[in-house]
2 protein chains.
Amino acid sequence: MPAVQTPTLRDVADAAGVHPATASRALNPATRGLVNAETARRVMKVAEGLGYRPNPMARGLKTAKSGTVGLVIPDLTNPLFPPIVRGIEDVLEPAGYSGLIVNTDNDPQREHAQIELLRSRQVEGLIVATALLDHPLMAKLQREGVPMVMVNRRPDGVDIPSITPDDAAGIEMAVDHLADLGHRRIGHLSGPATTSTGVARRRAFRNAVRDRDLDVDPALVVTCEHWTEEAGAIALRHLLDVRPDVTAIVAGNDLIALGCYDVFAERGIDCPREMSVVGFNDMPFLDKLAPPLTTLAIPHQQIGAEAARMLLDAIAEPDRAARSVLLPLSLVVRGSTAPPVT
Amino acid sequence: MPAVQTPTLRDVADAAGVHPATASRALNPATRGLVNAETARRVMKVAEGLGYRPNPMARGLKTAKSGTVGLVIPDLTNPLFPPIVRGIEDVLEPAGYSGLIVNTDNDPQREHAQIELLRSRQVEGLIVATALLDHPLMAKLQREGVPMVMVNRRPDGVDIPSITPDDAAGIEMAVDHLADLGHRRIGHLSGPATTSTGVARRRAFRNAVRDRDLDVDPALVVTCEHWTEEAGAIALRHLLDVRPDVTAIVAGNDLIALGCYDVFAERGIDCPREMSVVGFNDMPFLDKLAPPLTTLAIPHQQIGAEAARMLLDAIAEPDRAARSVLLPLSLVVRGSTAPPVT
DNA sequence: GGTCAGGCTGCACTCGATTGCAGTGAGCGG
DNA sequence: CCGCTCACTGCAATCGAGTGCAGCCTGACC
């Protein structure tokens, strides 16, 4: 408990010799026009002098607005999310909002509980970065009119605005790059079939190899159980067993690509001489790997910022149509890709 | 705005046929003894049935408790912090608290503003991970009775509880490891002199080399301007200019060590054959570097969890004496350290 | 049967800010 | 000189929950 009681609106009013109601109006830019300009100035000066800060709870109680939004992410520890969160906060803060972060660990049970927790904290909207493909909870929240924006993953069917990287374009860039280097037998280690990104990237890969007349053997596409190094390693081992002649890999994301590195070490495969790899996400410090990983850079901070802006819009005008945005990404060519040995 | 108005205490009371006051008492475990057990049960059942959630704002308004604590960190994007935050949240959540994260970017101005923002949001306490050595603001908050815990950095002079890794012990482990390998001329690229960690680690390094009768030339210790790769690279270039005979480096943290890798590449130095490096922090994916970085692993999540526990204690009993905790860390030996060429 | 104690419950006010409505006074036109 | 308008300000209720106090009712005891 602070030694000095923080001043209340009543204190300001008393000190300025006006009624609390007048002080309230003077301090709120929206209602300031209702009070005499001179009075308003005086009140504001007094408030400044006393270091007055409106109590957000009292205000929220009356206005039914909390000035907070919920950020639902699988796990903050995943290096993917901090930049997104940062981008979100950077937009939220100047708007007078704060973000409440919860981690779901991709557990639907936990996700449900966490979202309940956020709602009980009266968040005004949700930015959701978890996204299993099938998502009845999202649909329900949507129906209840909770403003929502999804980032990074795109829900199927449900009409929720989302900000996602343009996965298809990214995969095309990766395939183009490898094809240009001369690769013909390119494998894809796709993300879990339960995630929208996993599915979207796999589809994009299939289209890309078809369009470029490369090897379209379905065996070249292996689905990982999870977005992890371990799952990536397992998938690659499987792929190598079936198609040992593959010369390049498009990994579903960077972690899966890292799993490939483990298999390379394990089997004595020389990357990039014998095998090229492209990752997806451009996690930090990939340039320090051996070899530095070629990958697709996603503008994470921009994604977060854009999502926050959209959510604020949705909160302000709940009835506006849902709009979704695809953000362009860029291929960062490093040392893990090279022409195939001929 | 949810289509279905969330039920209020009054709704529960009406549905249960009691006065709101009674309902309030029945729902609050602390006052439940005041109401008839049967009535209490009925009220609770009705509340459950309606899906009643107390409005935290109304409650907070009355009780002057927000159920939130502020997390002040320099930059969430720094891989050091997400695990700490995660550890904090994991403790806070079951206790019914939530964390409000702000990023200061190590800018005192911004830090001040952000802390003001947190206070205006009525946080009940602060977990502070920024820490320039000289910190009048902390002292002021301390005097005002704001419950506070510092993580990772330790304030000088001010009597604030803190949770920090045992930097001195860590540095000793690093120096021991290098000395055991046979190194005699070990350099230290220390963190900024304005940070408590920078200073503590440098002091520990000086003591360690002295105690082990290694080369104590002050020129072997170079201070970096920032905790960054660039600053690390600059410092190493400087060190190599002055003492080209150095065979091992203890870096102030992993980023500084990464800066060393850049210089190695630039000057064609073979690590670890010609030069060993030890980092500090064990950031993610260091094992994927070339060579994998030997470093000191800090139990970040534990630090966060411990800090959160301490803060909750401090909130519950504001008058308890400040207590500080040093957490042990462990040396992770990887490929960046080897015996010197003789 | 009367009295008193004690267990429950309800009343009413409070937290701090917002806001519809009423009232005051000045200024102006008729 | 009267009345009306308009700008401004004050009053009081409100948001939802918590809590001191008073009162009721029941049961026990004399």
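Relative to the side chain of S24(A), the nucleotides dC11(D), dT9(C), dT19(C) differ in distance, and dT19(C) lies closest. In this structure, of dC8(D), dT19(C), dA12(D), it is dT19(C) that holds the atom nearest to the side chain of R25(A).
Sorted by first and then second residue, the salt bridge (charged side-chain N to carboxylate O under 4.0 Å, His left out) pairs involving residues 38-49 of chain A (not counting sequence neighbours) are E38(A)-R41(A).
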What's the verdict on side-chain hydrogen bond (donor to acceptor under 3.5 Å, both in side chains) for R121(B) and S98(A), showing C-alpha distance, side-chain angles and the deciding distance?
CA-CA 9 Å; R121(B) 280 203 176 264; S98(A) 301; 2.8 Å; yes
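No donor-acceptor pair under 3.5 Å is formed between the side chain of Q122(B) and the backbone N or O of N55(A). Remark: the backbone N or O of A30(A) is paired with a side-chain donor or acceptor of N28(A) at under 3.5 angstrom. Within the 3.5 Å criterion, the main-chain N or O of A26(A) finds a donor-acceptor partner in the side chain of R32(A). Side-chain atoms of S162(B) never come within 3.5 Å of backbone atoms of S324(B) as a donor-acceptor pair (strictly under, hydrogens ignored). With hydrogens and angles ignored, the 3.5 Å screen pairs a side-chain donor or acceptor of N78(A) with a backbone N or O of L80(A).
To the nearest 0.5 angstrom, T6(B) atom OG1 is 10.0 Å from R53(B) atom CZ. Taking CD1 of I115(B) as the start and CG of L126(B) as the end, the distance is 5.5 Å to the nearest 0.5 Å.
Across all strands, T39(A) comes closer than 4.0 Å only to sugar-phosphate atoms, never to a base (heavy-atom distances).
Taking atom CG of residue L34(A) and atom P of nucleotide dT19(C), one finds them 11 Å apart after rounding to whole Å. Atoms CG (L9(B)) and C1' (dT14(C)) sit 15 Å apart, rounded to a whole Å. E38(B) places its CD atom 15 Å from the C1' atom of dT9(C), with the value rounded to the nearest Å. The nearest whole Å value for the distance from the CD atom in Q122(A) to the P atom in dC15(D) is 15 Å. Rounded to whole Å, atom P of dG20(D) lies 16 Å from atom NE2 of H19(B). If you measure from atom CG of N36(B) to atom P of dT26(D), you get 13 Å, rounded to the nearest angstrom. To the nearest angstrom, P of dC11(C) lies 10 Å from CZ of R10(B). Put simply, CG on D14(B) is 13 Å from C1' on dG16(D), counting in whole angstrom units.
Taking side-chain N and O atoms only, T8(A) has no distance below 4.0 Å to OP1 or OP2 of dG16(C). Phosphate proximity of dG18(D) to T63(B): absent, as no side-chain N or O sits under 4.0 Å from OP1 or OP2.
Within residues 47-62 of chain A, the residues having any heavy atom under 4.0 Å from DNA chain D are, by residue number, L61(A), K62(A).
Axis angle, first five pairs versus last five pairs of the helix from dG1(C)-dC30(D) to dG30(C)-dC1(D): 70°, rounded to 10°.
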